[in-house]
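Below: one structure, written as structure tokens.
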Amino acid sequence: QKEVEQNSGPLSVPEGAIASLNCTYSDRGSQSFFWYRQYSGKSPELIMSIYSNGDKEDGRFTAQLNKASQYVSLLIRDSQPSDSATYLCAVSLSGSARQLTFGSGTQLTVLP
Amino acid sequence: GAVVSQHPSRVICKSGTSVKIECRSLDFQATTMFWYRQFPKQSLMLMATSNEGSKATYEQGVEKDKFLINHASLTLSTLTVTSAHPEDSSFYICSARILDSPYEQYFGPGTRLTVT
């Protein structure tokens, strides 16, 4: 079983819609959760971090964490074509010296 | 803030030569830096964790004699790919962790290595 799983997509949404990205993790002791955006040929860019259960909002982005169900999600409101990228979920596993384990990423395409 | 640079951004080298990649934290101190490798259409794979002033910790399957890591200061870590071969061609990305934010990692722009 992979430690961090994401639906690879591709996920397509029309411009202005809400894009919903999901991630599950296997280690119940995981402490920190991140969403990175990676454009093709570029390195990842941190867009959200979340450490406790519930929602965290930052602009058009909302991260949701449910530790009991071991999932974390990212909602992108009012999606724009510039949001088209691969979104990587990353988890800091317990006992991992704070290293990050990445999911395989979900490719999002926002159609104009 | 939290800017990480890498140099070079692209490098092409011949098989058997060595290549050094630098990773710098520009506006913060980083006691820990991480080196990743990413093949096309795959996710990031952690190669090693680099701690300032101590030996790097390599992930299973990564040859420490082939991928030499030096973290000489709180703002600089280097990765040297020794005796490079075509299968080493990849996108190498470093990240740094801010001292007072122990979990967030900020990535450099990456170095695309092509070995001919």
Side-chain angles (χ1 to χ4, degrees), chain A residues 2-10 21 23-25 27 29-52 56 58 61 63 65 67 72 85-109, chain B residues 1-10 21 23-25 28 30-51 54-60 62 90-114:
Chain A
K2 289 185 180 178
E3 292 173 326
V4 180
E5 292 205 48
Q6 293 180 252
N7 187 328
S8 62
L21 305 165
C23 172
T24 59
Y25 58 93
D27 187 342
S30 299
Q31 301 171 347
S32 312
F33 308 85
F34 306 91
W35 283 99
Y36 285 85
R37 177 176 61 197
Q38 186 174 26
Y39 292 112
S40 180
K42 304 294 185 182
S43 67
E45 172 192 10
L46 178 66
I47 54 174
M48 288 289 285
S49 60
I50 187 166
Y51 303 106
S52 55
K56 179 181 178 182
D58 183 1
F61 299 100
L65 174 61
K67 289 187 178 181
V72 57
T86 296
Y87 288 80
L88 300 169
C89 172
V91 176
S92 178
L93 303 179
S94 57
S96 66
R98 298 169 179 169
Q99 296 170 349
L100 293 182
T101 299
F102 285 83
S104 56
T106 298
Q107 186 179 345
L108 172 67
T109 300
Chain B
V3 178
V4 178
S5 71
Q6 266 185 258
H7 177 80
S9 58
R10 288 180 178 272
I21 302 170
C23 177
R24 292 181 185 271
S25 56
F28 65 98
T31 54
T32 303
M33 291 184 174
F34 302 89
W35 287 96
Y36 295 85
R37 181 167 52 182
Q38 187 176 36
F39 292 106
K41 298 194 183 299
Q42 295 186 22
S43 192
L44 285 81
M45 295 301 298
L46 179 66
M47 299 176 66
T49 301
S50 168
N51 292 297
S54 64
K55 291 183 178 180
T57 302
Y58 291 82
E59 294 301 299
Q60 192 172 10
V62 177
S90 187
F91 192 39
Y92 291 87
I93 314 172
C94 72
S95 71
R97 198 170 68 198
I98 298 178
L99 273 175
D100 57 357
S101 179
Y103 299 103
E104 295 180 355
Q105 291 184 25
Y106 293 88
F107 284 85
T111 297
R112 187 154 314 274
L113 170 64
T114 302

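Residue numbers begin at 1 in each chain, while the letters A, B, ... track the order of the sequences. When reading the values below, keep in mind they use all heavy atoms of this one structure, side chains included, and skip hydrogens, waters and symmetry mates. Remember, it's a predicted structure, so these values are computed and weren't measured experimentally.
Other residues, nucleotides and ligands place no more than 12 heavy atoms under 6.0 Å from the NZ atom of A/Lys42.
Looking at B/Gln38, only its side chain comes within 4.5 Å of chain A, counting heavy atoms on both sides. Neither the backbone nor the side chain of A/Gln107 comes within contact range of chain B; no heavy atoms are under 4.5 Å apart.
Taken from OG1 in A/Thr101 to CG in B/Leu46, the straight-line distance is 8.0 Å, to the nearest 0.5 Å.
In terms of heavy-atom pairs under 4.5 angstrom with chain B, the leader among A/Ser40, A/Ser32, A/Pro44 is A/Pro44.
Considering all non-hydrogen atoms of both residues, B/Ser43 and A/Gly103 come closest at OG-O, 2.5 Å. A/Ser49 approaches B/Glu104 most closely through the heavy-atom pair OG-OE2, 3.0 Å. A pairwise comparison of heavy atoms in B/Phe34 and A/Gln99 identifies CE2-CG, 3.8 Å as the closest pair.
Legend: residues meeting side-chain contact (heavy atoms from CB on, under 4.5 Å) with A/Ser43, ordered by chain and number and at least two apart, are B/Ile93, B/Phe107.
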